[in-house]
Amino acid sequence: MKLSRVLIFLPVLVLLAGCQPHGGENCEAPGDNPIRYELTAMDTFMTMTIYNQPGSVAQEHLRQAAGLLQELDALLSVTDAGSEIYRANHSGGETVPLSEDTRRLLEEALALCEETEGALDVTIYPVVRAWGFTTGEYRVPEAAELEALLKKVDFTQVGLTEDGLTLPEGVELDLGAVAKGYAGDRLMDLFRSTGMICSIVELGGNVQALGTKPDGSPWRVAVQAPEGGYAGALEIVDKAVVTSGGYQRYFEQDGEIFCHIINPASGRPVQNSLASVTVVADRGVQADALSTALFVMGREQAEAWWREHPDFEFLLLEKDGTAVITEGLEDCFSLYGDWKNHPLEVIRK
Ligand code: ADP
Ligand code: MG
């Protein structure tokens with residue numbers, strides 16, 4: 001048996017140079033004065049950059065934002081014994097009271113589980129654990145073990161009432177597929193409430209931008225190529241860009257690759273033609289949920305789903321080197337470097 005090292009790449013990176021002028025809202029103060037804050041939360045490296053604010057004001061906003069991220073982490077962590085999610089997972093079927101944030105995120109996440117017909121399923125945790133993704137002690141579970149665990153995977157079993165959250169024995173929540181997206185939305189709300197109009201955050205590869213760059217041009221967000229380096233760049237204004245990829249966290253055994261995104265229908269890591277899915281949407285939680293769900297669905301089903309739910313756009317990188325975009329990205333996506341020679345297909349309605 002061969003067990004290889006796990007590789008973790010951040011899928012996207014903000015490129016700060018080389019944007020085309022764009023008629024967006026401009027920050028008014030002279031000079032951009034970017035102020036950047038770095039932290040680790042939700043098990044990942046995060047950066048926040050805000051522009052055109054006096055230093056002390058910017059620092060205060062960033063401190064508040066960092067506090068919010070730490071708070072969300074403490075509520076939503078699946079491993080931290082003090083978190084609301086941990087308490088619910090270990091409640092033995094008792095109802096656990098919820099904070100406003102956990103409740104809002106759960107409501108949004110459960111709606112997306114429903115809409116994606118369970119391609120996203122926030123109760124997938126027992127299966128994620130069985131494959132070793134929670135500890136790094138990777139293994140391939142037997143079919144019978146997976147079958148037994150899948151009996152506990154069912155987002156419709158999550159009870160959310162005014163009193164709080166109730167999980168039947170054995171059902172466990174994991175908000176790993178949506179928590180960073182929700183955090184991005186909360187940061188944008190916080191920044192907007194201060195009157196800020198230019199900021200960008202990277203939360204472990206999730207990018208979310210408020211407004212335009214200070215010069216009025218769109219932000220450029222680079223999309224990671226599965227083999228390393230970059231496959232392309234997206235120009236965005238006021239959007240979230242989130243990538244889920246099979247190359248981000250995986251292990252290899254006997255020549256087979258097993259990634260950290262699980263198909264809830266089979267209990268097995270996703271294996272299809274896709275190397276990654278990048279979703280561009282107004283809201284971070286939607287982009288985060290859909291990047292995971294469309295990756296589970298695979299290309300054909302993802303296309304069909306987008307035609308029925310046209311309030312977002314996506315980019316697929318296929319394992320064979322083809323890039324595929326929905327038509328709304330035609331004017332804001334370009335291939336990058338070596339990928340300029342790759343085929344680019346456009347999906348139309
Ligand atoms: P990441 O947050 O690692 O960038 P994703 O947003 O795609 O990537 O979330 C993947 C995480 O979500 C996994 O590590 C696991 O905890 C959880 N997960 C895996 N498969 C699913 C699924 N089908 N539905 C919901 N959550 C999932
Ligand atoms: Mg996700």
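First listed ligand is number 1; within each ligand, the first listed atom is number 1. What you see is a predicted model; the values in this text were computed from it and never measured.
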Provide the number and element of each atom of ligand 1 under 4.0 Å from a heavy atom of [X].
X    : result
P264 : 23 (N)
K180 : 1 (P), 2 (O), 4 (O)
S244 : 5 (P), 6 (O), 7 (O)
R249 : 14 (O)
L120 : 24 (N), 25 (C)
D288 : 6 (O)
Q248 : 4 (O)
A177 : 6 (O), 9 (O), 12 (O), 25 (C), 26 (N)

Given 3.5 Å as the limit, does a donor-acceptor pair link the side chain of [X] with the main chain of [Y], or not?
X    : Y    : answer
T116 : L112 : yes
K349 : W306 : no
N33  : Q53  : yes
T292 : D288 : yes

With a cutoff of 4.0 Å, is G181 in contact with ligand 1, counting heavy atoms of the residue only?
no

Just checking, is any N or O donor in the side chain of T322 or D320 under 3.5 Å from an acceptor N or O on the other one?
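Distance-only check passes for T322 and D320.
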
Would you tell me whether Q208 and D185 have side-chain atoms, one donor and one acceptor, within less than 3.5 Å of each other?
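Distance-only check passes for Q208 and D185.
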
Backbone, side chain, both or neither: what part of A293 comes under 4.0 angstrom of ligand 1, heavy atoms only?
neither

A177 atom O and D288 atom O as seen from the Mg ion (ligand 2), angle to 10 degrees
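The angle at the Mg ion (ligand 2) comes to 90°, rounded to the nearest 10°.
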
Report the member of [options] with the shortest heavy-atom distance to [atom].
atom                    : options                : value
atom 27 (C) of ligand 1 : T243, V153, I124       : I124
atom 17 (C) of ligand 1 : V296, L294, V270, D174 : D174
atom 24 (N) of ligand 1 : D43, D121, V122        : D121

Backbone or side chain, does any N or O of [X] fall under 3.5 Å from an N or O of ligand 1?
X    : result
I262 : yes
A119 : yes
S291 : no

Rounded to the nearest 0.5 Å, what separation is found between the CG atom of L294 and the OG1 atom of T278?
10.5 Å

Under 2.8 Å from the Mg ion (ligand 2) - does any N, O or S atom of V242 fall there?
no

Has T292 got an N/O/S atom less than 2.8 Å from the Mg ion (ligand 2)?
yes

Do the charged groups of [X] and [Y] touch, with an N to O distance under 4.0 Å?
X    : Y    : result
D189 : R186 : no
E313 : K239 : no
R103 : E84  : no

Out of curiosity, does I200 fall in the hydrophobic cluster containing V57 (side-chain heavy atoms, cut-off under 4.5 Å, transitive links)?
no

Would you check, one step at a time, whether the test side chain to side chain contact (heavy atoms under 4.5 Å, CB included) holds for L110 with V122?
CA-CA 8 Å; L110 290 171; V122 287; 3.9 Å; yes

